[in-house]
Amino acid sequence: MLRTGMIRQLAAGIYSYLPLGYRSLRKVEEIVREEMNRAGAIELHMPVLHPIELWEQTNRVGAMGEVLLRLAGPEGDWRSQTVLGPTHEEVITEMARAYLGSYKQLPINLYQIQVKFRGEARPKSGVLRTREFLMKDAYSFHDTVESLDDGYKKMYDAYCRIFSRCGLPYVAVEAESGPIGGDASHEFMVLTDAGEDFVALTDNGDYAANTERAVCAPLPQQNEEMAAIEEVHTPNQRTIDEVTAFLKTTPDRMIKTLIYEGAAAASESKKGKPPADPVIFVVLVRGDHEVNENKLNRVAKAKLELATPVIIQKLTGADVGFAGPHTLDKSGVPYRLIVDQAVSVMRNAASGANKTDHHATGINPGRDFALTGETVVVADVRNVADGDLSSKGSGSPIRLRKAIEVGHVFKLGTKYSTAMKATYLDKNGKAQPHIMGCYGIGLTRTLAAALESHHDEGGAIWPLSIAPFEAIIIALDPRDEDVMKVANTMHDDLTAAGVDVLFDDRDERAGFKFKDADLIGIPLRIVIGKRALAEGVVEFSQRKAPKDVEKISPAAAAAKVKECVKTAK
Ligand code: ATP
Ligand code: MG
């Protein structure tokens with residue numbers, strides 16, 4: 001985008017949209033607007049400046065952390081009480097509280113196309129992740145869960161149309177809701193190596209989920225005969241790689257023993273009461289697997305954080321790096337055990353021995369540590385891995401693919417309406433919190449994702465729908481009267497027909513002009529040169545298939561352009 005002169009960076013994560021880039025952005029915006037209107041949503045415009053008080057009402061000042069940008073000012077001054085909106089749930093809910101007082105006004109879906117501000121720690125990849133960006137955000141209000149389901153489906157379908165029209169190869173995947181909160185959500189992902197997210201996909205496409213969310217299918221019980229536990233002296237061998245090499249085993253035969261503290265235990269305690277002691281959680285995953293913190297927190301019903309070395313030493317009686325599941329009870333320190341399902345079916349595994357510089361082999365779940373009981377849970381707490389079988393659909397193998405998130409739809413439920421006391425009167429005259437959904441699309445990110453999926457070494461290959469110009473006329477001999485006459489006529493004719501045409505009449509070499517046309521990626525190209533014109537023809541080609549050049553009359557070329565533009569709409 002920088003090379004094509006679409007954008008210019010002003011500072012980290014802050015960009016200007018130059019005329020060419022702005023044209024494309026406007027086209028994305030128009031597609032989004034059309035589809036939102038078609039789905040029955042109504043456009044409005046909310047402020048960028050929000051009183052921080054609104055964010056305090058929903059408890060999100062802390063949850064958003066550094067992402068929430070604040071104005072600086074002396075204490076008590078309005079500036080110190082003002083933030084830059086990273087999203088608009090609070091502002092819209094304030095409006096619903098004021099205006100949507102009756103079930104008769106529901107459902108309703110309100111949206112805006114508005115600049116958002118987020119204190120992203122690491123802005124990167126051009127306009128894929130910036131600190132200031134354009135978002136379409138929509139919010140729906142309902143009086144029943146069925147109505148929310150219906151509204152959510154309408155938005156989901158609208159998003160499919162939007163991303164198809166923008167020419168994006170996307171998949172909709174099950175996702176985590178994150179700090180926005182809520183009950184269900186889907187992300188719209190564009191598969192490309194430029195992405196930061198991973199999605200789990202089956203080859204036949206019958207299962208698709210964000211890896212933060214993807215469910216691991218249970219693994220079958222291993223059947224090896226149980227061996228006895230043996231302690232092995234493993235001086236200074238702490239990491240999985242070191243230990244597997246030392247013990248001549250493989251990571252999938254090891255148990256990783258991770259020790260966490262339940263940080264939420266303290267904050268959840270009622271005001272006035274002293275905070276409860278943090279609860280220790282011992283989490284077991286296979287050596288080749290990674291803990292999924294979202295799943296883990298859900299199973300633990302608390303927000304877990306890795307325990308400090310002091311706690312680990314107290315529990316295991318050993319230095320950090322030698323924890324194992326089998327002799328933990330010896331220390332008498334109470335803990336809860338969370339066993340990943342893939343560990344529960346292992347036989348003769350290796351792990352730490354709860355003794356500095358020692359590991360143990362022949363550890364058998366169920367025999368050497370409990371898989372049942374009040375303080376034990378066996379659950380899915382790991383990230384899905386490449387090659388795992390899918391838990392739904394055909395059960396075929398899952399592949400992990402890099403992707404860019406371009407849109408996100410959430411069922412929020414009553415999280416915001418309850419926090420902000422936004423209620424309506426139901427049929428019986430009883431006050432009920434609004435049931436809400438929210439739906440976001442990053443417009444600037446969509447533009448970048450489109451380019452990530454459509455380019456070659458020469459530059460952009462814009463889909464017609466969001467190209468800055470649909471067609472380019474290149475006059476090869478701008479000093480030739482005949483050439484200019486035909487070119488001008490064609491330009492006026494196409495413009496009158498509603499085609500966005502760029503006319504390159506610069507007095508430059510042909511090769512130079514072709515390179516530029518390729519770089520900015522205009523989909524349809526007509527080249528008018530003196531020699532060809534003497535034979536009554538011009539050249540028509542498409543950016544996506546540059547070798548298929550047709551030599552046809554100027555009228556036929558213009559007709560071709562109109563035809564292509566019409567079929568794309
Ligand atoms: P991410 O996980 O990539 O940070 P998010 O989950 O924070 O995204 P949402 O809060 O759901 O994103 O915002 C809705 C949409 O806004 C996203 O789907 C994405 O297209 C866009 N978006 C979010 N953050 C940024 C950003 N920093 N720069 C550009 N676009 C963004
Ligand atoms: Mg984010």
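Here, residue 1 is the first one in the sequence, and each next residue gets the next number. Both counts, for ligands and for their atoms, begin at 1 and track the order of listing. Side chains included, hydrogens not; waters and symmetry mates left out as well; all remaining heavy atoms used.
- Contact annotation for M135 and ligand 1: only side-chain heavy atoms (C-beta onward) come within less than 4.0 Å of the ligand.
- Note: Y156 and F188 meet the aromatic proximity criterion, with ring centroids under 6.0 Å apart.
- Shown in contact with E120 at under 4.0 Å from a heavy atom are these atoms of ligand 1, numbered in order with element: 24 (N), 26 (C), 27 (N).
- Take F141 and apply the ring pair (Phe, Tyr, Trp, His ring centres under 6.0 Å) test, not counting sequence neighbours, and it matches H434.
- For the pair D456 (side chain) and G459 (backbone), a donor-acceptor distance under 3.5 Å is present.
- Annotation: V127 places no N or O atom under 3.5 Å from an N or O atom of ligand 1; distance criterion only.
- The atoms of ligand 1 that sit less than 4.0 Å from any heavy atom of G407 are 18 (O).
- No heavy atom of T87 sits closer than 4.0 Å to any atom of ligand 1.
- Counting heavy atoms closer than 4.0 Å to ligand 1, residue R129 contributes atoms from both its backbone and its side chain.
- Under the salt bridge (Lys or Arg N to Asp or Glu O under 4.0 Å) test applied with E120, the options R131, R445, R129 reduce to a single match, R129.
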Going by atom type alone, with no hydrogens or angles, which donor-acceptor pairs under 3.5 Å involve a side-chain atom of residues 157-165 and a protein atom two or more places apart or on another chain?
{"unit_1": "D157", "atom_1": "OD1", "unit_2": "K153", "atom_2": "NZ", "d": "3.4"}
{"unit_1": "D157", "atom_1": "OD2", "unit_2": "K153", "atom_2": "NZ", "d": "2.9"}
{"unit_1": "Y159", "atom_1": "OH", "unit_2": "K136", "atom_2": "NZ", "d": "2.6"}
{"unit_1": "Y159", "atom_1": "OH", "unit_2": "Y439", "atom_2": "O", "d": "3.2"}
{"unit_1": "Y159", "atom_1": "OH", "unit_2": "G440", "atom_2": "N", "d": "3.0"}
{"unit_1": "Y159", "atom_1": "OH", "unit_2": "G440", "atom_2": "O", "d": "3.2"}
{"unit_1": "R161", "atom_1": "NE", "unit_2": "E35", "atom_2": "OE1", "d": "2.7"}
{"unit_1": "S164", "atom_1": "OG", "unit_2": "C160", "atom_2": "O", "d": "2.8"}
{"unit_1": "R165", "atom_1": "NH1", "unit_2": "E34", "atom_2": "OE1", "d": "3.0"}
{"unit_1": "R165", "atom_1": "NH1", "unit_2": "E35", "atom_2": "OE2", "d": "2.8"}
{"unit_1": "R165", "atom_1": "NH2", "unit_2": "E34", "atom_2": "OE1", "d": "3.0"}

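- Contacts with ligand 1 closer than 4.0 Å are made by backbone heavy atoms (N, CA, C, O) of V406 only, the side chain lying farther away.
- Remark: D340 does not engage R286 in a salt bridge, criterion side-chain N to carboxylate O under 4.0 Å.
- The residues E89 and R60 are annotated as salt-bridged, a charged nitrogen and a carboxylate oxygen being separated by less than 4.0 angstrom.
- When the heavy atoms of R118, E212, H408, K116 are ranked by distance to atom 5 (P) of ligand 1, first place goes to R118.
- For the pair L128 and ligand 1, a heavy-atom separation below 4.0 Å is found.
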